[in-house]
Undergrad: 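The structure under discussion is supplied below as structure tokens; questions concerning it will follow.
Reminder, nothing fancy here: chain letters follow the sequence lines and each chain counts from 1.
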Protein chains: 2
Amino acid sequence: MTASATRKTPTSTELAAWREYIEAADELKRAVSSAMQEQSGVSSGDYSVLLALSEADGHRLRSSALADEIGWERSRLSHHLGRMEKRGLVGRDRCGDDNRGAWIVLTTEGSRLFRTASAAHFRVIRRLFVDALDDDELEGVRTASATLRRHVRSADGGASQDD
Amino acid sequence: MTASATRKTPTSTELAAWREYIEAADELKRAVSSAMQEQSGVSSGDYSVLLALSEADGHRLRSSALADEIGWERSRLSHHLGRMEKRGLVGRDRCGDDNRGAWIVLTTEGSRLFRTASAAHFRVIRRLFVDALDDDELEGVRTASATLRRHVRSADGGASQDD
DNA sequence: TCCTCCTAGTTGACATGTCAATCATAAAGG
DNA sequence: CCTTTATGATTGACATGTCAACTAGGAGGA
């Protein structure tokens, strides 16, 4: 906001850092998804949903609570739940006191698959991510990521701080 | 590969780092895409393609060279080029010595849009990414990202080093 | 009651990605 | 030449995401 604000264009070093960063994240995400899919038949999206439901009270959540929990848009979740329901991983229970929606519940099959997928998830994260970095690097990545998230969230609300 | 190999499951600290990392990347990517789309009507995918073509000799590339350049699968690029062609951003020139494909060329409109989009791209990257980190953090992110990419690439080829 | 507004969630259209199959041309070998 | 095989690229089916529009039920007030 001060000295650097006079420069509109990132330096080539800064751009290179951006490019490394975003491509690394893409490649990692793709590799993790494909390994998880292959090892357990569960995508990262499926896994987020299953994890949130597993940790929820009674293995069930209202769809908007679930969306908040995993940080998804409602419509994205709605589409995804439809697909998971077709596969028998989740179901819906009518909710007495509010008929606008229902509880999203983990089915027996969903629980079973989640246990399998967790093991695969842990192996994959260890192999592709944790094993690549030492403790200091890992800590550096964690704090930088947290900083970036805070920054993006604050910039998004107050948008158009450009120029 | 040694001490840590006896542990199958990442520690909760390691998992937390993974989660911060991947969510930060997702949020950043989404924020950047949406800001670029809004400011210039060009998505990050479009931008990669336009950038590669702009830097190419004669503003043209064979489709597989372009795919290598930006690290995409062929079919992904093919679909994307189809959409960009419909919008008039790229075209195809028959290639004399090998009739299996064509040169992908930047149209005048494509060049024009690329210039606009570059300005937006720089502003957005600066605002959402570069401004969030100091020089040391940026350098840390760059090296950690490079390390991760190397690791993923080597693990992907030789896959299934699990257990 | 009934009108209005809010909230929960779904839907449809479309952009984007992946995978496997296919097509056309090139290159090699008889 | 004429098969066979390799290469460049597209296609179709389908998974996944986004956005805007819509449905339906709750809540408050005249």
Undergrad: Tell me, which of residues 65-88 of chain A have any heavy atom that sits under 4.0 Å from an atom in DNA chain C?
TA: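 The answer is A/Arg74, A/Ser75, A/Ser78, A/His79.
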Undergrad: From CZ of A/Arg62 over to C1' of D/dG26, roughly how many Å is that when rounded to an integer?
TA: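 My rounded result for the distance is 11 Å.
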Undergrad: Within the distance-only criterion (no hydrogens, no angle test), does the side chain of B/His151 pair as donor or acceptor with the backbone N or O of A/Arg127 below 3.5 angstrom?
TA: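 Such a contact is found between B/His151 side chain and A/Arg127 backbone.
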Undergrad: For a quick check under 3.5 Å, do B/Ser44 and B/Ser33 share a side-chain donor-acceptor pair by atom type?
TA: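 Judged by distance alone, the side chains do pair up.
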Undergrad: Please confirm whether the shortest side-chain N or O distance from A/Ser34 to OP1 or OP2 of C/dT18 is below 4.0 Å.
TA: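 Answer no for this pair, as no side-chain N or O of A/Ser34 is under 4.0 Å from OP1 or OP2.
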Undergrad: Round to the nearest Å and state the distance from A/Arg30 atom CZ to C/dG17 atom P.
TA: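 Atom CZ in A/Arg30 sits about 9 Å away from atom P in C/dG17.
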Undergrad: Could you say whether B/Ile104 or B/Arg100 is positioned toward the 5' end of DNA chain D, judged by the nucleotide with the nearest heavy atom to each?
TA: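 The residue mapped nearer the 5' terminus is B/Arg100.
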Undergrad: A/Lys29 has an atom NZ; how far is it from atom C1' of D/dG17, in whole Å?
TA: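 Nearest whole value for this atom pair: 10 Å.
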Undergrad: Mapping A/Asp97 and B/Trp103 to their closest nucleotides on DNA chain D, which lands nearer the 5' end?
TA: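 The residue closer to the strand's 5' end, by nearest nucleotide, is B/Trp103.
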Undergrad: Is the distance from OP1 or OP2 of D/dA9 to the nearest side-chain N or O of B/Ser64 less than 4.0 Å?
TA: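 So the side-chain polar atoms of B/Ser64 do come within 4.0 Å of the phosphate oxygens OP1 or OP2 of D/dA9, strictly under.
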Undergrad: Return no unless some side-chain N or O of A/Asn99 is found under 4.0 Å from OP1 or OP2 of D/dA24.
TA: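 No, outside the criterion.
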Undergrad: Round to the nearest Å and state the distance from B/Asp98 atom CG to C/dA27 atom P.
TA: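 Atom CG in B/Asp98 sits about 7 Å away from atom P in C/dA27.
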Undergrad: Report yes or no: does A/Ser78 contribute a side-chain atom to a donor-acceptor pair with the main-chain N or O of A/Arg74 at less than 3.5 Å?
TA: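 No; judged by distance alone, with no hydrogens or angles, the pair does not exist.
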Undergrad: Measure from CD on B/Glu38 to P on D/dC19 and round the result to the nearest Å.
TA: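 Between P of D/dC19 and CD of B/Glu38: 10 Å.
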Undergrad: Within the distance-only criterion (no hydrogens, no angle test), does the side chain of A/Thr107 pair as donor or acceptor with the backbone N or O of A/Gly88 below 3.5 angstrom?
TA: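 Checked: pair present.
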Undergrad: Looking only at side-chain N and O atoms, does A/Arg92 come under 4.0 Å of OP1 or OP2 in C/dT10?
TA: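 For A/Arg92, the contact criterion (side-chain N or O under 4.0 Å from OP1 or OP2 of C/dT10) is met.
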Undergrad: Between the main-chain N or O of B/Thr11 and the side-chain N or O of B/Glu14, is there a donor-acceptor pair closer than 3.5 Å?
TA: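 A pair under 3.5 Å: yes.
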Undergrad: Assess whether side chain to side chain contact (heavy atoms under 4.5 Å, CB included) is satisfied between A/Phe129 and A/Leu138, documenting all intermediate values.
TA: CA-CA 9 Å; A/Phe129 180 73; A/Leu138 208 62; 3.7 Å; yes
Undergrad: May I ask you to decide if B/Glu23's main-chain N or O and B/Asp26's side chain share a donor-acceptor pair within less than 3.5 Å?
TA: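 Side chain of B/Asp26 to backbone of B/Glu23, a donor-acceptor pair under 3.5 Å: no, none is there.
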